[in-house]
Amino acid sequence: MYRTMTQALLARMETVLKDKYDTTVANIATEQPPNLQLGEIASPVAFELAKRLRKAPRAIATELAEELAGMPGVAVVEVAGAGYLNIKLDRAATALRIVADEHADVGGEGLRLVEHTSINPNKAAHVGHLRNAILGDTFARLLRKDAYKSGYPTVVQNYIDNTGVQVADVVVGLLHLEGKTPVQVDELIGGLIARGERVDYFMWDLYARVSQWYDSDPAEKEARKKLRLDTLHELETGGNEVARVADLVATAVLERHLETMERLGIEYDFLPRESEILHLHFWQAARQLMMERGVLYLETAGKNKGCWVMRRPGAEAVTEGEPDEDAKVIVRSNGTVTYVGKDIAYHLWKFGLLPGCDFGYTIFREYATHPCWISTMHGEEKHPHYGQAAAIYNVIDSRQNDPQANVVESLRAMGFTDAAEHYTHVNYEFVALTIRCAEDLGYVLSDEDKLRPYIEVSGRKGFGVKADDLIDRLIAAAKAEVDARHPEDAEELRRDAAEKIAIGALRFFMLKFTRNTLIAFDFRDALSFEGETGPYVQYSAVRAANILRKAGVSMKNALHGIHGVDLAPYFSADAGDSLWAMWLAASRVTTVLEQAIAAAEPAIVARYAFQLAQEFNNFYHRNHVLNEQDEARKKLLLATAAVAHRELERVLGFLGIAVPVSM
RNA sequence: GAACCAGUAGCUCAGCCCGGAUAGAGCAUCUGCCUUCUAAGCAGAGGGUCGCAGGUUCGAGUCCUGCCUGGUUCACCA
């Protein structure tokens, strides 16, 4: 509703500026004044015009105010300060429109392809992966169609690097460090699954051990490195026993990752795997295209002699005939393709720019509402077509800024400027451990480590908080709290509440920081349920629901109860301001969504959810709804609780957080 | 050496894109409030040279330049 009103005002201002001053202002600024006495919407536009029109800002604002007064929904327009234009809304009329859930739509045409999670399938997921998946999943929720908005067609992918060196490492661990035969590996993994033990946890330890083992014996070091490389090559080639073992491991670990993410309400549409990108020859098609378009060229001199290379983004022009020493190698002198090369091929596919190439598709998992497909060589006859995206969003941490920039640059250089412009690297700073947290987990830190601001999570060292461990701890903490507060509730209900609270706490924790803030993880902060947390917001929604329940009024009746009531008196004076603040906050959902989508910044939504909850708690303490003696005012208070509940639940929904029945 | 990110209250962070009204929040500390729709809450207090120095501007936490500090990245590895 706030968005609708702002849009109407902007449109009117543009017309007035054109008619009256024969001028236009690009992006007329509007903002919310610092307090309600000053109105709901303000614009400093007169300041900008002052210089251009050689006129005092206050005089311009006064003239504009006259033109804007009388607009539907506007009560008064005032000029304040040196020339602020303050618009005060007709609160009673606006409240009725809020109750009717009038709001601007969000959405558009063109497939949005969001890729996130993308954990190497060789070990358990950890806190860093949780930040990635929660960011990506939340962003997809902001984009896609739901009951509130028409949204964008949205597909969620989770890229699986099943033929990379990390998988090779655990295969080396199984076959050489442990000395198992492929058959014994089959039995081992089968046994783990049958006993309900976690394959990903087993691999976590093994991966750390192999990493140590490579360097543990100087005499063997070279031989072991060679073993690692040979294993990797067998993996990439495929069709051999080593590759079969690798696939077994990668698939078992992938299953575990999907289960972990499903605990948090995170689901995927498609799992493209590197093995298919290799074996379906995406790279060959991409290479052809890159050569045709003159992006890829053979270096004939200098340190990269014999390699096929590409200019780096922003590289300085080199003298004709001189080798570009700064160029990015795409094909090595031995003829093998680098990671960036494969990534370029994959991204051409995403935009539907790789002629004749597509994956085979088969169903890997069935969620309650949709299947999750996985890439395969020869898939099922009937399958969806992903790729062909109008815009893509890659959720990858900031350490990958450079490789991502290379991929974008290659698209641009090939002339696919539209694709390059619709390629968004949703980058974020990684999650590390505070020194205290690392010590609590029993990791041995060097003196040098202790001087650092944080300890980086490291799969090689086995340093990190595993995702499932964290979720388990959160559920246990929430369960203890629920048990203490509601011993009368059924066990099943308490369990359900504890899970929702735990997930709310975790998702909110990962979302409240903006993307470029490095999170130094500490259990004390993550396990907090007070203050700026998910449970605080959930609690507010539960309280709002309780009011309606105890009043014996349905949501619908509470909302419509204010029709025919003269609301104006209740929205005036100090008490009215504080009540109105709740309504105004609740009306800003669309504005917030649009900001968050434009900036690819879910934290904006999380922060708004918290503000909304704070506003509700203010209302809750200042107004006792059930004891209200004035029947007309009571109707308004009930509607206030209903609006608060509707918007809190809605916004939490965007964040992937559910509201428990009680807490 | 270069590129990018960060530096705001004791701690953790918003605000910076697009300059504007008294720089906000949570945690921690202190003081109050549970016989009321749930205290996972509310009210209040203390706490700030917005890293430093210049510049632009009527106006700078926000824009520009330089510097300092911390972090990340920059292989024919993957």
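All of these numbers come straight from a predicted model, not from anything done at the bench. Note on naming: letters A, B, ... go to the chains in the order of the sequence lines (proteins, then strands), and numbering restarts at 1 for each one.
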Pair [X]-[Y], side-chain donor/acceptor within less than 3.5 Å:
| X | Y | answer |
| --- | --- | --- |
| A:Asn427 | A:Arg399 | no |
| A:Asp525 | A:Ser528 | no |
| A:Asn617 | A:Tyr539 | no |
| A:Gln614 | A:Tyr536 | no |
| A:Asn546 | A:Arg549 | yes |
| A:Tyr207 | A:Gln166 | yes |
| A:Asp489 | A:Ser662 | yes |

Tell me whether the side-chain N/O atoms of [X] come closer than 4.0 Å to OP1 or OP2 in [N].
| X | N | answer |
| --- | --- | --- |
| A:Tyr536 | B:rC42 | yes |
| A:Thr517 | B:rA14 | yes |
| A:Arg622 | B:rU36 | no |
| A:Asn618 | B:rA43 | yes |
| A:Asn334 | B:rC76 | no |
| A:Lys328 | B:rC74 | no |
| A:Gln400 | B:rU72 | no |

Between [N] and [M], how many Å separate the two [atom1] atoms, rounded to a whole number?
| N | M | atom1 | value |
| --- | --- | --- | --- |
| B:rC58 | B:rG51 | P | 25 Å |
| B:rU56 | B:rG41 | P | 49 Å |
| B:rU65 | B:rC5 | P | 12 Å |
| B:rC30 | B:rG70 | C1' | 34 Å |
| B:rC18 | B:rA78 | C1' | 42 Å |
| B:rC11 | B:rG46 | C1' | 16 Å |
| B:rA60 | B:rA53 | C1' | 15 Å |
| B:rG19 | B:rC13 | P | 27 Å |

Cationic tip of A:Arg452 above A:Tyr454 ring, under 6.0 Å, 45° of axis: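 Positive - A:Arg452 is close enough to the ring of A:Tyr454 and near enough to its axis.
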Residue [X], side-chain heavy atoms: nucleotide from [options] that is nearest:
| X | options | value |
| --- | --- | --- |
| A:Val625 | B:rU38, B:rC37, B:rA21 | B:rC37 |
| A:Phe610 | B:rG41, B:rG26, B:rC5 | B:rG26 |
| A:Asn546 | B:rA78, B:rA21, B:rC37 | B:rC37 |
| A:Gln614 | B:rC76, B:rA40, B:rG26 | B:rG26 |
| A:Asn401 | B:rA78, B:rC4, B:rA40 | B:rC4 |

Return the stacking result for B:rU36 and A:His624: yes when the ring centres lie under 5.5 Å apart and the planes under 30°, no otherwise.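 It does not: the two rings, one from A:His624 and one from B:rU36, miss the stacking criterion.
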Rounded distance (Å) that lies between atom [atom2] of [N] and atom [atom1] of [X]:
| X | N | atom1 | atom2 | result |
| --- | --- | --- | --- | --- |
| A:Leu612 | B:rA25 | CG | C1' | 15 Å |
| A:Arg312 | B:rA2 | CZ | P | 17 Å |
| A:Phe430 | B:rC5 | CZ | C1' | 11 Å |
| A:Asn35 | B:rA23 | CG | P | 14 Å |
| A:Glu601 | B:rC5 | CD | P | 15 Å |
| A:Phe508 | B:rA25 | CZ | P | 16 Å |
| A:Asp397 | B:rC4 | CG | C1' | 13 Å |
| A:Arg399 | B:rA3 | CZ | P | 22 Å |

Describe the nucleic acid contact of [X] in one word from base, sugar-phosphate, nothing, applying a heavy-atom distance below 4.0 Å.
| X | answer |
| --- | --- |
| A:Val482 | base |
| A:Ile501 | base |
| A:Tyr620 | base |
| A:Lys305 | base |
| A:Lys512 | nothing |
| A:Arg549 | nothing |
| A:Phe513 | sugar-phosphate |
| A:Val309 | nothing |
| A:Val329 | sugar-phosphate |
| A:Ser540 | nothing |
| A:Ala42 | base |
| A:Leu38 | base |
| A:Asn623 | base |
| A:Asn86 | base |

RNA chain B stem ranges, 3 or more consecutive Watson-Crick or G-U pairs under 3.5 angstrom: B:1-7 with B:68-74, B:10-13 with B:24-27, B:29-33 with B:41-45, B:51-55 with B:63-67
Could you check whether any side-chain N or O of [X] sits under 3.5 Å from a backbone N or O of [Y], counting only pairs where one atom can act as donor and the other as acceptor?
| X | Y | value |
| --- | --- | --- |
| A:Ser275 | A:Thr163 | no |
| A:Arg131 | A:Glu429 | yes |
| A:Ser398 | A:Tyr428 | yes |

What is the glycosidic conformation of B:rC34: syn, defined as within 90° of 0, or anti? syn
Do [X] side-chain and [N] base share a donor-acceptor contact under 3.5 Å?
| X | N | result |
| --- | --- | --- |
| A:Arg607 | B:rA25 | no |
| A:Asn617 | B:rA39 | no |
| A:Ser398 | B:rC5 | no |

On RNA chain B, compare the nucleotides closest to A:His621 and A:Asn627; which residue's is nearer the 5' end?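 Here A:Asn627 is the residue nearer the 5' end.
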On RNA chain B, more 5' by nearest nucleotide between A:Leu229 and A:Asn516 is A:Asn516
Under 6.0 Å between ring centres, would you say that holds for A:Phe521 and A:Phe523?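 Ring-ring flag for A:Phe521/A:Phe523: true, centres closer than 6.0 Å.
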